[in-house]
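Keep in mind it's a predicted model, so treat the numbers as computed, not measured. Chain letters run A, B, ... following the sequence lines, proteins first and then strands; every chain starts at 1.
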Amino acid sequence: MISETPRVRFAPSPTGYLHVGGLRTALYNYLFAKKNNGTFILRIEDTDRNRFVEGAIDNLIDSLKWCGLNFDEGPQVGGDFEPYLQSERLYLYHKHALQLIDNGHAYYCFCTPDRLEKLREEQQRLKLPQAKYDKHCCSLSKETVAENLNNNLPYVIRLNVPSNLKVNFNDIIRGDVEFDSNNIDDQVLIKSDGYPTYHLANVVDDHQMKITHVIRGEEWLSSTPKHILLYNFFEWEKPLFAHLPLLLNADRSKLSKRQGDVAVEDYRGKGYLKEALVNFVALLGWNAGDDVEFYQMESLIEKFSLERVNKSGAVFDLEKLKWLNAEHLRKKSADELLTLLKLELNESEYNNVNLSDDYLLSIIEVMRERVSFVKEFITNCKYFYEQPNEFDEAAITKNWNPETPGQLKLLNDVFSILNLPTREDYEIALAKVALELNIGKGKLIHPLRLAVSGQSTGAGMFDLLYILGKEEVLKRINSAILRINQTT
RNA sequence: GGCGCGUUCGUCUAGAGGCUUAGGACGCCGCCCUCUCAAGGCGGAGAUCACGGGUUCGAAUCCCGUACGCGCUACCA
């Protein structure tokens with residue numbers, strides 16, 4: 001019954017940015033499509049004129065593309081079912097709404113917002129189990145309807161939900177789900193401004209665009225029976241449904257802006273790699289059944305299946321995202337990191353400092369195991385970009401003794417006669433001085449690190465010396481001796 | 001309130017009736033490595049599988065009930 005190659009869609013409403021929950025939904029749709037040689041479609045559900053946000057569509061597409069989720073059909077790229085903006089497809093919805101009216105499955109409703117509100121209040125007062133529209137306009141005569149229409153009375157078109165009907169469907173993730181039609185309201189299909197509601201537009205478009213699998217968030221599960229009813233009334237073949245678990249805040253409420261970042265662009269701005277974000281979000285509600293947690297897009301496509309998607313909501317845990325970011329960082333080639341580092345450098349306080357690619361590559365080589373973010377190639381080791389401005393207080397207390405300046409001076413003298421020293425040359429020279437002074441190497445290395453970098457942590461000592469170069473090292477040692485003595 | 005969905009270490013999860021003294025990962029703690037910090041290796045703490053009943057020789061796994069959480073209940077999606 002389902003055509004061989006699946007057609008799936010991500011259908012966001014353009015409210016300003018791509019939510020990470022939306023990213024997860026889009027990703028699962030994408031993975032499912034790619035895995036099965038199917039088509040991934042982007043459709044914009046912009047039927048709520050009150051929530052229109054300027055630039056939201058471009059922003060959404062930018063975020064999607066940044067994550068590597070390229071769509072086969074949609075705005076900008078086109079396709080056989082254009083247009084892909086619902087606001088440009090109004091004629092279609094009207095045509096089908098009218099068809100429903102002709103068949104008695106929908107009806108014009110002229111009730112004012114005022115009456116609807118009073119109705120709701122009354123139902124609440126009586127504590128009725130289910131608050132629904134009372135079908136007041138369903139029984140209007142053809143003549144009355146024609147007259148009202150003629151007089152340009154505002155109207156909506158409502159779905160005529162039959163009573164005492166079991167509506168059920170099989171959800172790929174949740175199994176059999178059944179609803180009683182007595183609990184389903186006569187949903188508005190066409191609003192008084194002429195725009196369709198989600199329910200109508202969604203069903204019409206999914207059918208017209210030949211969507212085979214509807215993969216969407218759990219918040220739609222409760223309205224699926226309305227969609228089922230519509231498919232039945234139109235006598236259309238139904239797609240398969242898969243309702244995804246929600247993404248949650250730490251307190252298990254639905255992931256929200258108040259408790260942290262929810263937009264893909266927020267994470268992008270904070271320096272997370274797209275590979276890490278995608279990997280992380282893929283694992284929120286899905287796993288392959290093995291112990292693998294590190295995934296690139298290709299391996300996700302290979303392993304993904306809807307059958308292995310979980311039913312329960314997942315908390316968005318920044319710690320694990322950070323870990324994955326570090327993992328992906330380490331897997332990147334030096335050249336790739338160089339490109340990213342240069343980009344980051346341009347945005348930093350060192351945008352005027354001119355450093356060779358070789359110098360930056362050296363930093364990458366010695367720091368890549370020590371950073372979680374690209375920007376930490378700068379912030380965790382500023383000493384590679386400038387002479388230290390200040391010296392770590394705790395390290396001074398711990399490693400700077402009255403005899404330190406003399407020892408460093410000796411070290412400086414020995415270093416100064418080295419000719420184009422290698423890492424090993426520095427190490428041998430330092431060992432020699434330590435022996436001469438009859439102290440452990442560590443007794444020299446700690447103050448030396450402090451003098452050269454201002455910190456007590458960082459790259460290996462001899463890597464550090466080698467990368468900085470002899471002249472810079474000598475300069476920094478001398479400078480540190482003067483400055484640290486002043487402060488102590 | 002009604003309807004629906006869910007509930008395994010703090011978090012993400014494995015688990016499809018006996019393979020489970022419930023496994024892995026992040027985080028946390030310790031040890032090793034070591035010039036520091038990381039990375040890596042090894043180890044540890046951490047889940048009476050929400051609770052209560054069944055079914056069964058045997059249940060985290062099947063059934064029922066309860067509790068709790070979440071979603072929907074709009075002329076929002």
J.: Touch check for A/Pro196, heavy atoms < 4.0 angstrom, all strands: base, sugar-phosphate only, or nothing?
T.: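 Result for A/Pro196 = sugar-phosphate.
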
J.: Who does B/A22 pair with, Watson-Crick or G-U, both distances under 3.5 Å?
T.: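 Across any shown strand, B/A22 pairs with none.
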
J.: Once you apply a heavy-atom cut-off of 4.0 Å, does A/Ser456 come out as touching a base, just sugar-phosphate, or nothing?
T.: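 A/Ser456: base contact, heavy atoms under 4.0 Å.
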
J.: Are the ring centres of A/Tyr28 and A/Phe304 closer than 6.0 Å?
T.: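 Judged by ring-centre distance (under 6.0 Å), A/Tyr28 and A/Phe304 do meet the cut-off.
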
J.: Could you let me know what B/G30 is paired to, Watson-Crick or G-U wobble, both distances under 3.5 Å, or none if it's on its own?
T.: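 Looking at the geometry, B/G30 pairs with B/C42.
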
J.: Taking B/G27 as the reference, what is the distance to B/G46 when you measure between their C1' atoms (whole Å, please)?
T.: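 Per the computed distance, 11 Å lies between those C1' atoms.
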
J.: Which value, in whole Å, describes the distance between the C1' atoms of nucleotides B/C49 and B/U7?
T.: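 Nearest-Å result for B/C49 against B/U7 at atom C1': 10 Å.
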
J.: Touch check for A/Gly440, heavy atoms < 4.0 angstrom, all strands: base, sugar-phosphate only, or nothing?
T.: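 If one applies the 4.0 Å heavy-atom cut-off, A/Gly440 turns out to touch nothing in the nucleic acid.
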
J.: With heavy atoms under 4.0 Å as the rule, sort A/Ala326 into base, sugar-phosphate or nothing.
T.: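 A/Ala326: no heavy atom of the nucleic acid under 4.0 Å.
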
J.: Quantified in whole Å, what is the P atom distance between nucleotide B/U66 and nucleotide B/G2?
T.: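 Those two atoms are separated by 12 Å.
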
J.: For B/A25 versus B/C70, give the span between their C1' atoms, rounded off to a whole number of Å.
T.: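 Straight-line distance between the two C1' atoms is 26 Å.
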
J.: Where does the chain A footprint on RNA chain B start and end, counting 5' to 3' with a 4.0 Å heavy-atom cut-off?
T.: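 From 5' to 3', the first and last contacting nucleotides are B/G1 to B/A77.
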
J.: Write down the distance separating the C1' atoms in B/G17 and B/G54, rounded off to the nearest Å.
T.: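 So the two C1' atoms sit 15 Å from each other.
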
J.: Can you tell me the base-pairing partner of B/A47? Count Watson-Crick or G-U wobble geometry only, both distances below 3.5 Å, and say none if there is no partner.
T.: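 Paired with B/A47, as far as the under-3.5 Å criterion goes, is no nucleotide at all.
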
J.: Under a 3.5 Å limit for both distances, which nucleotide forms a Watson-Crick or G-U wobble pair with B/C72, could you say?
T.: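 For B/C72, the partner nucleotide comes out as B/G2, under the 3.5 Å rule.
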
J.: Short of 4.0 Å, heavy atom to strand atom, which residues of residues 366-385 of chain A count as contacting RNA chain B?
T.: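 Those residues are A/Glu369, A/Arg370.
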
J.: Applying a 3.5 Å limit to both distances, which nucleotide forms a Watson-Crick or G-U wobble pair with B/U61?
T.: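 Across any shown strand, B/U61 pairs with none.
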
J.: Assign A/Gly442 to base, sugar-phosphate, or nothing according to its heavy-atom contacts below 4.0 angstrom with the strands shown.
T.: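 Here A/Gly442 touches no strand at all.
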
J.: Can you name the side chain to side chain donor-acceptor pair (under 3.5 Å) partners of A/Lys311, sequence neighbours left out?
T.: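 Testing A/Lys311 for side chain to side chain donor-acceptor pair (under 3.5 Å), a comparison that skips the adjacent residues, returns none.
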
J.: Could you give the distance from OG1 (A/Thr224) to CG (A/Asn168), rounded to the nearest 0.5 Å?
T.: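 These two atoms lie 12.5 Å from each other.
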
J.: Which part of the nucleic acid does A/Pro245 contact within heavy-atom distance under 4.0 Å: base, sugar-phosphate only, or nothing?
T.: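 No contact.
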
J.: For a quick check of understanding: with a heavy-atom distance under 4.0 Å over all strands, which category does A/Arg125 fall into, base, sugar-phosphate or nothing?
T.: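 Nothing: the residue A/Arg125, judged by heavy atoms under 4.0 Å, touches no strand.
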
J.: Answer with base, sugar-phosphate or nothing: what part of the nucleic acid does A/Lys311 contact at a heavy-atom distance below 4.0 Å?
T.: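 Answer is sugar-phosphate: A/Lys311 comes under 4.0 Å of backbone atoms only.
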
J.: Within the 4.0 Å heavy-atom criterion, would you say A/Phe179 contacts the bases, only the backbone, or no part of the nucleic acid?
T.: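 Since only primed, P, OP1 and OP2 atoms lie under 4.0 Å of A/Phe179, the category is sugar-phosphate.
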
J.: Any base atoms under 4.0 Å from A/Asn310, or only sugar-phosphate, or nothing? Heavy atoms, all strands.
T.: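 Sugar-phosphate contact only.
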
J.: On a heavy-atom basis, which atom in A/Leu42 and which in A/Pro75 lie closest, and how many Å separate them?
T.: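 Reported closest heavy-atom pair: O-CD, 3.4 Å.
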
J.: Under 3.5 Å, which donor-acceptor pairs link side chains of residues 440-459 of chain A to any protein atom two or more places apart or in another chain?
T.:
{"unit_1": "A/Arg449", "atom_1": "NH1", "unit_2": "A/Ala459", "atom_2": "O", "d": "2.9"}
{"unit_1": "A/Arg449", "atom_1": "NH2", "unit_2": "A/Ala459", "atom_2": "O", "d": "3.1"}
{"unit_1": "A/Ser453", "atom_1": "OG", "unit_2": "A/Arg449", "atom_2": "O", "d": "2.8"}
{"unit_1": "A/Ser453", "atom_1": "OG", "unit_2": "A/Gln455", "atom_2": "N", "d": "3.1"}
{"unit_1": "A/Ser453", "atom_1": "OG", "unit_2": "A/Gln455", "atom_2": "O", "d": "3.3"}
{"unit_1": "A/Gln455", "atom_1": "NE2", "unit_2": "A/Thr457", "atom_2": "O", "d": "3.2"}

J.: Which part of the nucleic acid does A/Arg252 contact within heavy-atom distance under 4.0 Å: base, sugar-phosphate only, or nothing?
T.: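 A/Arg252: backbone/sugar contact only, no base atoms under 4.0 Å.
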
J.: Starting from the C-alpha separation in whole Å, work towards a yes-or-no answer on ring pair (Phe, Tyr, Trp, His ring centres under 6.0 Å) for A/Phe294 and A/Trp323.
T.: CA-CA 10 Å; A/Phe294 181 88; A/Trp323 170 73; 8.3 Å; no

J.: Select from A/Arg174 and A/Ser253 the residue whose nearest nucleotide in RNA chain B is closer to the 5' end of that strand.
T.: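 Nearest nucleotide further toward 5': that of A/Arg174.
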
J.: If you measure from the P atom in B/C31 to the same atom in B/C68, how many Å do you get, rounded?
T.: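 Those two atoms are separated by 45 Å.
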
J.: Checking the side chain of A/Asp206 only, and the main-chain atoms of A/Ile211 only, is there a donor and an acceptor separated by less than 3.5 Å?
T.: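 No, because the side chain of A/Asp206 does not come within donor-acceptor range (under 3.5 Å) of the backbone of A/Ile211.
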
J.: Need one value for A/Thr47: base, sugar-phosphate or nothing, where a base atom within 4.0 Å counts as base even if backbone is also close, heavy atoms only.
T.: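 Sugar-phosphate, no base atom in range.
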
J.: Honestly, is A/Arg89 close enough over A/Tyr91, meaning NZ or CZ under 6.0 Å from the six-membered ring centre and within 45° of the axis?
T.: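 No, A/Arg89 does not lie over the aromatic ring of A/Tyr91.
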
J.: Without placing hydrogens or testing angles, list every side-chain donor-acceptor pair under 3.5 Å for residues 403-410 of chain A, not counting sequence neighbours.
T.:
{"unit_1": "A/Thr404", "atom_1": "OG1", "unit_2": "A/Asn401", "atom_2": "N", "d": "2.7"}
{"unit_1": "A/Thr404", "atom_1": "OG1", "unit_2": "A/Asn401", "atom_2": "O", "d": "3.1"}

J.: Starting from the 5' end of RNA chain B, give me the residue, A/Glu45 or A/Asp463, whose nearest nucleotide shows up first.
T.: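 First, find each residue's nearest nucleotide; the 5'-ward one identifies A/Asp463.
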
J.: Which part of the nucleic acid, if any, lies within reach of A/Ser13 when heavy atoms closer than 4.0 Å are counted: base, sugar-phosphate only, or nothing?
T.: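 Sugar-phosphate, no base atom in range.
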
J.: What is the nucleic acid contact for A/Glu178, judged by heavy atoms within less than 4.0 Å: base, sugar-phosphate only, or nothing?
T.: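 Sugar-phosphate, backbone atoms only, no base.
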
J.: Which residue pairs pass the side-chain hydrogen bond (donor to acceptor under 3.5 Å, both in side chains) test with at least one member in residues 187-198 of chain A, sequence neighbours excluded?
T.: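 Only A/Arg49-A/Asp193, A/Gln187-A/Lys226, A/Tyr198-A/Asn202, A/Tyr198-A/Arg216 qualify under side-chain hydrogen bond (donor to acceptor under 3.5 Å, both in side chains).
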
J.: For A/Phe373, is the NZ or CZ atom of A/Lys375 found under 6.0 angstrom from the centre of its six-membered ring and inside 45 degrees of the ring axis?
T.: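 Yes, a cation-pi geometry.
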
